2 protein chains.
Amino acid sequence: MTDKDSDASSAPERKRGSGVKMVYDLLRDEILDLVLPPGSPIDEVQLAERFKMSRTPIREALVRLAGEGLIATLPNRSTMVSNIDFLNLHTFFDALVLMYRVTTRLAAEHHRQEDLEVIRARQAEFAAAVQAQDALAMIATNAAFHSAIAEAGRNPYFTGLFNRLLDEGRRILRLYYQSYDDRLPQRFVDEHEDMIAVIAARDVEAADRLARTHAEQIVEQIQKLFARKDRLEIAL
Amino acid sequence: MTDKDSDASSAPERKRGSGVKMVYDLLRDEILDLVLPPGSPIDEVQLAERFKMSRTPIREALVRLAGEGLIATLPNRSTMVSNIDFLNLHTFFDALVLMYRVTTRLAAEHHRQEDLEVIRARQAEFAAAVQAQDALAMIATNAAFHSAIAEAGRNPYFTGLFNRLLDEGRRILRLYYQSYDDRLPQRFVDEHEDMIAVIAARDVEAADRLARTHAEQIVEQIQKLFARKDRLEIAL
DNA sequence: AGAGCGATTTTTGTCGACAAATAAAATACA
DNA sequence: TGTATTTTATTTGTCGACAAAAATCGCTCT
């Protein structure tokens with residue numbers, strides 16, 4: 001599967017400051033989409049020749065990824081994709097539920113007209129992804145939908161924290177969606193519609209309530225999933 | 001003031017992997033303690049000769065700091081210490097209050113016996129700093145106190161988010177404490193004692209209530225401060 | 001044959017140097 | 001004298017190379 005983007009394009013020229021960002025973005029996506037599963041070794045020289053650049057910009061991208069906890073670096077030895085902490089999964093869900101509630105509540109309070117259009121656009125993309133049964137697109141558009149709601153809440157700290165959590169969760173969600181064979185989430189589409197309605201109505205309490213049940217339902221589904229497949233085949 | 005640590009120690013040898021961490025830690029502290037005020041230019045070569053090392057490890061440290069938003073990098077031009085966003089200060093306080101509440105609440109729920117000892121130790125250090133009227137120590141020990149409470153809550157995501165906020169706030173708190181001439185915070189010492197008591201009693205609702213009033217009181221003081229000094233002399 | 005020890009290989013951390021990009025200075029021109 | 005343009009200088013981004021650490025392999029000795 002040497003897919004999508006050919007790293008060695010015919011033009012060997014690359015714009016000056018773009019190296020690190022390109023490597024960072026691509027590696028990050030590959031990690032979050034489980035193309036690079038947890039535990040995968042990260043080889044600097046391999047990446048260097050893959051992107052046809054020196055090790056220096058690669059290292060800077062890796063430092064950034066390490067700063068976000070996506071890769072783990074043993075002092076003088078290898079560096080690899082960080083593991084998912086399955087044991088403390090419930091703490092992650094607690095945080096996720098809270099941020100769902102807070103951001104949705106704030107959106108109901110502070111959103112402007114333009115925000116709603118953005119949110120509806122994201123919701124349309126999510127619905128399309130569900131229709132097409134495209135798991136990766138579902139994850140991405142679902143995150144974008146809730147991220148747009150958070151943006152409408154107009155608190156950059158909360159949106160920052162929330163996006164951070166959504167990223168963390170992308171790997172877990174990836175497991176979730178791919179296990180359910182890309183069906184089922186039609187229900188989420190409807191719930192999203194309800195959330196948009198209460199936000200538009202500026203019904204803060206209802207927004208909080210909906211966000212809570214929405215989040216808790218997702219959490220319940222995922223936990224059910226992890227209870228079934230004994231976590232042995234996925235944990236490494 | 002060529003203080004504390006002499007960068008050029010008699011031994012020109014430094015341990016192999018320690019360069020980036022040393023630069024990162026020091027720069028980070030200098031930024032958060034306002035030794036490097038917002039807007040200060042960061043010169044790579046200057047740092048390089050100051051630490052007697054190449055620009056490569058310095059750059060990696062800077063990349064990490066930029067990842068945390070502590071420094072801002074103009075594409076091909078200079079990099080400098082990020083500004084404090086005074087305009088959206090209230091959003092920061094909203095986030096801070098919420099995290100105070102959540103972490104204290106969880107601490108009341110999930111703490112163990114050992115946690116209380118750690119918390120009490122931090123509280124003692126904070127009281128000592130207040131007694132000594134040492135502003136920097138007050139900030140550090142206050143943050144450590146609340147961080148210990150968060151740890152007792154046993155949710156690494158919340159502690160991570162919370163510590164992040166506390167760091168962000170260190171610069172603002174620095175302004176706050178240095179303006180009040182290092183007196184007044186005796187009241188906080190007492191409130192901390194109350195918080196410890198309700199946590200130990202596992203009174204979740206009381207913990208939430210205390211954390212909320214404690215946080216909101218701090219916020220109110222700081223906002224009062226920023227209303228007075230017209231923010232002109234401090235904003236740059 | 002197995003364990004201990006030294007040499008080789010691999011990978012990381014650091015270095016000095018070069019080239020692109022931008023700002024600052026100098027020059028020309030109206 | 002003021003403005004546009006070229007030249008210089010400063011600073012960043014990238015490169016190839018070297019040296020330290022760790023792991024791997026091979027050898028020796030009992």
Side-chain angles (χ1 to χ4, degrees), chain A residues 5 7-28 31 36 39-82, chain B residues 5 7-28 31 36 38-82 236:
Chain A
D5 57 294
D7 305 324
S9 67
S10 52
E13 314 282 338
R14 204 179 323 97
K15 258 178 298 179
R16 187 169 157 80
S18 69
V20 287
K21 180 170 170 45
M22 151 169 287
V23 176
Y24 168 81
D25 286 337
L26 190 72
L27 275 195
R28 177 190 157 87
I31 292 174
L36 292 177
S40 303
I42 307 275
D43 188 356
E44 295 180 4
V45 307
Q46 195 171 314
L47 288 172
E49 57 192 34
R50 173 177 168 194
F51 288 98
K52 301 221 184 308
M53 56 171 74
S54 162
R55 275 177 48 226
T56 311
I58 304 255
R59 279 188 121 254
E60 295 190 358
L62 293 186
V63 166
R64 209 163 140 205
L65 288 171
E68 299 182 23
L70 288 179
I71 64 178
T73 309
L74 278 305
N76 258 319
R77 221 62 212 135
S78 73
T79 131
M80 52 185 233
V81 178
S82 346
Chain B
D5 56 294
D7 305 324
S9 67
S10 53
E13 315 281 340
R14 204 179 323 95
K15 259 178 294 178
R16 189 171 154 80
S18 70
V20 288
K21 179 168 171 46
M22 151 169 287
V23 176
Y24 168 80
D25 286 338
L26 190 72
L27 275 195
R28 178 190 157 87
I31 292 174
L36 293 178
S40 303
I42 307 275
D43 187 358
E44 296 180 2
V45 307
Q46 193 170 316
L47 288 172
E49 56 193 34
R50 174 177 168 196
F51 289 98
K52 300 222 183 308
M53 57 171 78
S54 163
R55 276 177 49 227
T56 311
I58 305 248
R59 280 188 122 255
E60 295 190 357
L62 293 185
V63 166
R64 208 161 141 205
L65 287 172
E68 299 181 23
L70 289 179
I71 64 178
T73 308
L74 280 304
N76 259 318
R77 221 61 211 136
S78 73
T79 131
M80 51 186 232
V81 178
S82 333
L236 28 158

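Letters A, B, ... are given to chains in the order of the sequence lines, protein chains preceding strands, and every chain is numbered from 1. Model, not experiment: these values are computed from the prediction.
- Protein atom CD1 of A:Ile58 is 15 Å distant from nucleotide atom C1' of C:dT11, rounded to whole Å.
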Protein-proximity profile, nucleotides 7-15 of chain D, B/S/- by nucleotide at the 4.0 Å heavy-atom cutoff, equals ---BBBBBB
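- If you take CE on A:Met22 and NZ on A:Lys15, they are separated by 9.5 Å, rounding to the nearest 0.5 Å.
- Nucleotide C:dT12 holds its P atom 10 Å from the CD atom of A:Gln46, rounded to whole Å.
- Qualifying side chain to side chain donor-acceptor pair (under 3.5 Å) partners for B:Arg77, counting only residues two or more places apart in sequence or in other chains: none.
- B:Ala48 and B:Arg55 get closest at one heavy-atom pair: CB-CG, 4.0 Å.
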Check nucleotides 5-7 of chain C for protein N or O atoms closer than 3.5 Å to its own N or O atoms and list the pairs.
none

Could you list the donor-acceptor pairs under 3.5 angstrom formed by side chains in residues 60-76 of chain A, with sequence neighbours left out?
residue : atom : partner : partner atom : Å
A:Glu60 : OE1  : B:Arg59 : NH1          : 3.1
A:Glu60 : OE2  : B:Arg59 : NH1          : 2.6
A:Glu68 : OE1  : A:Tyr24 : OH           : 3.4
A:Glu68 : OE1  : A:Arg28 : NH1          : 2.9
A:Glu68 : OE2  : A:Tyr24 : OH           : 2.3
A:Asn76 : OD1  : B:Arg16 : NE           : 3.4

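- With sequence neighbours left out, B:Asp43 forms a salt bridge (Lys or Arg N to Asp or Glu O under 4.0 Å) with no residue at all.
- Put simply, OG on A:Ser82 and CD1 on A:Ile31 are 7.0 Å apart, with the number rounded to the nearest 0.5 Å.
- Partners of B:Met53 according to the side chain to side chain contact (heavy atoms under 4.5 Å, CB included) rule, which considers only residues two or more places apart in sequence or in another chain, are B:Arg14, B:Val23, B:Phe51, B:Pro57, B:Ile58.
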